[in-house]
Amino acid sequence: FQAEDGIRDCLLSRGLGDVYKRQTLTGRLKISVIILGLVIIFVNRTRRIQMNQLQTDFKVDRSAMSDVEWDLRVQLAAAYRLVEHFGWTELIYGHLTVRVPGAEPHFLINPFGLNYDEITASNLVKIDVDGNIVDETPFSVNHAGFVIHSAIHMKHSDENQVVMHTHTRSGMAVAGVKEGLLPISMFATTFHKRLAYHEYEGPSLFLDERERIVNSLGNHKAMILKNHGLLTVGKTIPAAFLRLYRLERACQVQVDAASAGTVNTLGDNIATKSGDDIDGPEGVSKDTDGLGQLEFAALMRKIDKVDSSYRN
């Protein structure tokens, strides 16, 4: 610590009690500051130790849990592992959430502090729309994740049971340009006239932003949070993940194409037709309950070959 010689010597040789009695008012204040600093150092060290000892092998009580909820936990944990697999993580930040069936509006979210490759079906945290943890868990949750995701889950929409939000390099790059996502690739056309935008208000810490997030999304299934990142929704985890994959890939292609030369932006008619052919009512992957199921099952098999511990 940085103290005057007299104070330092007294602290080391005579104890705080004698020092307190001998110092002037200014000296007393200095000693108080030093003590406060030592307390802060101790608390911070204790917190670091606790964070380094997060109970990653925590097992949730399944005795009163429905099979439907457990299946959702396994799928959501797989989605987190896939985000890690594809390199879409931003340290421990970003969130994928799913609404849990039942009378109460509860949803599952990642434990704050865990890497995505540490997330399992058991250690996902169940919270309500007010951010309260519902089931016993040793973990906490990220408040910003609660604000963004609860905004959409609060609408009780059958179509938006799942919300996925990432901070990828390409996604944030496209979110940071005025043009937004351009129809220059096949997957980009699936979002032509089907993509929402939300103005940046900061790291989404305040509850009053929730209504504006919902209004920005409207009836769309994907949204770019300007200067922030990407967001997709869906009735199922496979549907929301497929949209996230397509949106991320469209952003990657746009960034790559812009760095290679002048982008070839498709006209409105062909971009609309392409999007309808892929994702429209008669498209090859039309938006039904089965959207993304085939692709997500294949991806789960891929993750199982690497590390199936997410199923625990």
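In this structure, the side chain of S259 engages the main chain of D256 through a donor-acceptor pair within 3.5 Å.
For S66, the side-chain contact (heavy atoms from CB on, under 4.5 Å) criterion is met by V68, E69, not counting sequence neighbours. When the ring pair (Phe, Tyr, Trp, His ring centres under 6.0 Å) test is applied to H167, the partners found at least two apart in sequence or on another chain are H165, H228. With sequence neighbours left out, the side-chain contact (heavy atoms from CB on, under 4.5 Å) criterion links T166 to T168, L230, L244. By the side-chain contact (heavy atoms from CB on, under 4.5 Å) test, D67 pairs with no residue at all, sequence neighbours left out. F187 is linked by a ring pair (Phe, Tyr, Trp, His ring centres under 6.0 Å) to nothing, counting only residues two or more places apart in sequence or in another chain.
Annotation: the span from L181 atom CG to I224 atom CD1 amounts to 5.0 Å, rounded to 0.5 Å. Here M65 contributes atom CE and D71 contributes atom CG; the two are 11.0 Å apart, rounded to the nearest 0.5 Å. Between the CD1 atom in I213 and the NE2 atom in H198 there is a gap of 4.5 Å [rounded to 0.5 Å].
Using a 4.5 Å cut-off on side-chain heavy atoms (C-beta onward), T189 and K273 make no contact. P238 has its side chain out of reach of E295: every pair of non-hydrogen atoms, C-beta onward, lies at least 4.5 Å apart. Between N219 and E159, every side-chain heavy-atom pair lies at or beyond the 4.5 Å cut-off. Taking the side chain as every heavy atom from C-beta outward, L231 and I152 approach each other to under 4.5 Å.
Under the 4.5 angstrom side-chain criterion for Ile, Leu, Val, Met, Phe, Trp and Tyr, Y200 has no cluster partners at all. Counting Ile, Leu, Val, Met, Phe, Trp and Tyr side chains that sit under 4.5 Å apart, directly or through other members, F206 shares a hydrophobic cluster with L205. Cluster partners of V214 are absent, since no Ile, Leu, Val, Met, Phe, Trp or Tyr has side-chain heavy atoms less than 4.5 Å from it.
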Name the atoms and distances for all side-chain donor-acceptor pairs under 3.5 Å in residues 262-270, with sequence neighbours left out.
residue	atom	partner	partner atom	Å
D268	OD1	H192	NE2	2.9
D268	OD1	K193	NZ	3.0
D268	OD2	K193	NZ	3.2

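Pairs engaging residues 232-276 under the ring pair (Phe, Tyr, Trp, His ring centres under 6.0 Å) rule: F86-Y245, W88-F241, F241-F296 [sequence neighbours left out]. Within the structure, salt bridge (Lys or Arg N to Asp or Glu O under 4.0 Å) contacts touching residues 209-220 (residues at least two apart or in different chains) are E201-R212, D208-R212. Judged as a salt bridge (Lys or Arg N to Asp or Glu O under 4.0 Å), the pairs with a partner in residues 80-98 (not counting sequence neighbours) are, in order, R81-D307.
Between the side chains of Y310 and D117, no donor-acceptor pair of N or O atoms lies under 3.5 Å. In summary, the side chains of N123 and T120 do present a donor paired with an acceptor at a separation below 3.5 Å, with no hydrogens or angles considered.
Grouping the Ile, Leu, Val, Met, Phe, Trp and Tyr side chains by contacts below 4.5 angstrom, directly or via other members, places M172 apart from V83.
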